[in-house]
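Residue numbers start at 1 and run along the sequence shown.
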Amino acid sequence: MTKLIVLFVIAFVDTIGAALVVPILPFYATRYGASAFLVGLLVSSFSIAQLACAPAWGRLSDRYGRRPAILAGLTISALSYIVFAFAQSWEVLLLSRLVQGLGGGTIGVVSAYVADASAPEQRTKAIGWLTTVTSLGWLSGAALGSFLVTIGGERTPGLFTASVSLLVAAFASRYLVESRLLRHTGTHAIPPKVRTGREAILHVVKHWSEPAPRLIWIYAIGIGAFYGTAAVMPLLLQERLGITEKTIGYVVMYFAGLGVVVRAGILGRMVDWLGEPRLSRLGIVLLSAGLALGGLGKSHAVLFTSFTLMPLGTAFLFPCVTGLLSRVVSSSERGLYLGVQQTFGGVARVAFPIVAGLLMDHFSRGTPFLLSAMLVLATLPLALGIDGAMAREAASRAETPRAAAS
């Protein structure tokens, strides 16, 4: 647990740096002549770069260790913030965002470290704590950027964040041990043939019925539905409740804060009570119900219920899916597949907000929520079969040593 606390500190401070830049980025970009489309491109470019390189980071961490990959990601992030601080055009801002995404591609490596350092039955709880501290980092960093601009000028946020990233890298270099020394192997008796990033992505697409691909598809659709509707949620609330830019912040604070409370205070007990497979299915149902109520609801009570069920669903679903994924793949491919999960999730985080906006433009404000609810609910059959699929996978791998011995 001590080693995980060190990692949580690193993840928390690193997330503050990323969250600090995002709210002020549109103001910088428009000052340099960027259009609204270019602002959207700047925001999305981080996720695009992250999803492109996440499998490579995971594969490198499987081969050379989690610690070097995390240190490299922190250093690259620091360089990107320096570029951001001295940018004088939207093109240079774009470069800084792409480099930030390259450094941020190690998020799957961080999850793999948590899985390595945790016993299989404790992984979902540990991953829940990881998402808690990163959520707290986002909540803390959003306001910090505006404060730094006020007291120090427009270069201050980038330089501050670069300095913090380098300090965190130094802290990690001193206190973060290599997770191979802590590794718990999980459910597999022997490791399968190690795949490349491209092979792993194709495997997820072609063999969707296997346990690892099932979990990755559930994660990608769920996180896409959540982020896609969150991006257009202010427009829905403006139409139905008269919410404005002066009051939307309170809604977001409740939305995000509830997720933090559930992950920190309830998730562990729910895992002990229901187990990850059943809790992930409950998460799917709650998230889908929340999205549907958001699409249909027009009163304060219904929309309040919607924005309570959605963070509850995500708090149960995403840590459970990630914890299960870390158990159904071998330790030699854990970083790779957690990176592939981030790639699929990154594609969803880029695509779903765009589709949600188009749906709102051409249909009603509630259409993206209703469609997202149906897509999330459609993943329930994948989750319903995960117990049997995991059992068959484990039995198949257990048979291999006996066959070899005979």
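Across all their heavy atoms, T229 and S372 have their closest contact at CG2-OG, 3.6 Å. Nearest heavy-atom pair across L287 and G222 is CD2-O, 4.0 Å. In terms of heavy-atom proximity, L267 sits nearest to A315 at CD1-O, 3.7 Å. Annotation for A348 and P353: closest pair O-CD, 3.8 Å, computed over non-hydrogen atoms. Across every non-hydrogen atom of R67 and L176, the tightest pair is NE-O, 2.6 Å. The two atoms that bring L74 and S165 nearest to each other are O-CB, 4.0 Å, heavy atoms only.
With values rounded to the nearest 0.5 angstrom, M310 atom CE is found 7.0 Å from M233 atom CE. Between atom CD1 of residue I82 and atom OG of residue S96 there is a gap of 11.5 Å, rounded to the nearest 0.5 Å. For the atom pair I76 CD1 and L71 CG, the distance stands at 11.0 Å (nearest 0.5 Å). Put simply, CG on L303 and CG on L236 are 6.5 Å apart, with the number rounded to the nearest 0.5 Å. Here the straight-line distance linking atom CD1 of I48 with atom CG of L98 works out to 8.0 Å at 0.5 Å rounding.
Other residues, nucleotides and ligands place no more than 12 heavy atoms under 6.0 Å from the OH atom of Y227.
Looking at H362, its side chain does come within 3.5 Å of a backbone N or O of L358 through a donor-acceptor pair. Of the possible donor and acceptor atoms, one in the side chain of T156 sits under 3.5 Å from a partner among the backbone N and O of G153. For the pair S173 (side chain) and A169 (backbone), a donor-acceptor distance under 3.5 Å is absent. Without hydrogens or angle criteria, T305 side chain to A301 main chain gives a donor-acceptor distance under 3.5 Å. At least one donor-acceptor pair under 3.5 Å links the side chain of S299 to the backbone N or O of V302. The main-chain N or O of I70 is never found under 3.5 Å from a side-chain atom of W57 such that the two would form a donor-acceptor pair. With hydrogens and angles disregarded, no donor-acceptor distance shorter than 3.5 Å links the side chain of R281 to the backbone of L380.
F344 pairs in a ring pair (Phe, Tyr, Trp, His ring centres under 6.0 Å) with only one of the listed residues (Y219, Y337, W217), which is W217.
Checked against a 6.0 Å centroid threshold, the rings of Y254 and F304 count as neighbours.
Scored by the side chain to side chain donor-acceptor pair (under 3.5 Å) test, R240 finds no partners at all (sequence neighbours excluded). Listed by chain and number, the residues in a side chain to side chain donor-acceptor pair (under 3.5 Å) with T367 are S364 (sequence neighbours excluded). Every residue two or more places apart in sequence or in another chain that forms a salt bridge (Lys or Arg N to Asp or Glu O under 4.0 Å) with R31 is listed here: E154. Not counting sequence neighbours, R278 has no partner by the salt bridge (Lys or Arg N to Asp or Glu O under 4.0 Å) test. In terms of the side chain to side chain donor-acceptor pair (under 3.5 Å) criterion, residue partners of S89 (sequence neighbours excluded) are, by chain and number, E91.
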Step by step, would you call I218 with L317 a side chain to side chain contact (heavy atoms under 4.5 Å, CB included)?
-> CA-CA 9 Å; I218 293 169; L317 176 60; 3.9 Å; yes
Check step by step if side chain to side chain contact (heavy atoms under 4.5 Å, CB included) holds for L282 and L274.
-> CA-CA 9 Å; L282 176 60; L274 295 176; 4.1 Å; yes
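Residue pairs satisfying the ring pair (Phe, Tyr, Trp, His ring centres under 6.0 Å) criterion with at least one member in residues 80-112, sequence neighbours excluded, are listed as follows: Y28-F84.
Side chains of Y113 and S61: a donor-acceptor N/O pair is absent below 3.5 angstrom, by distance only.
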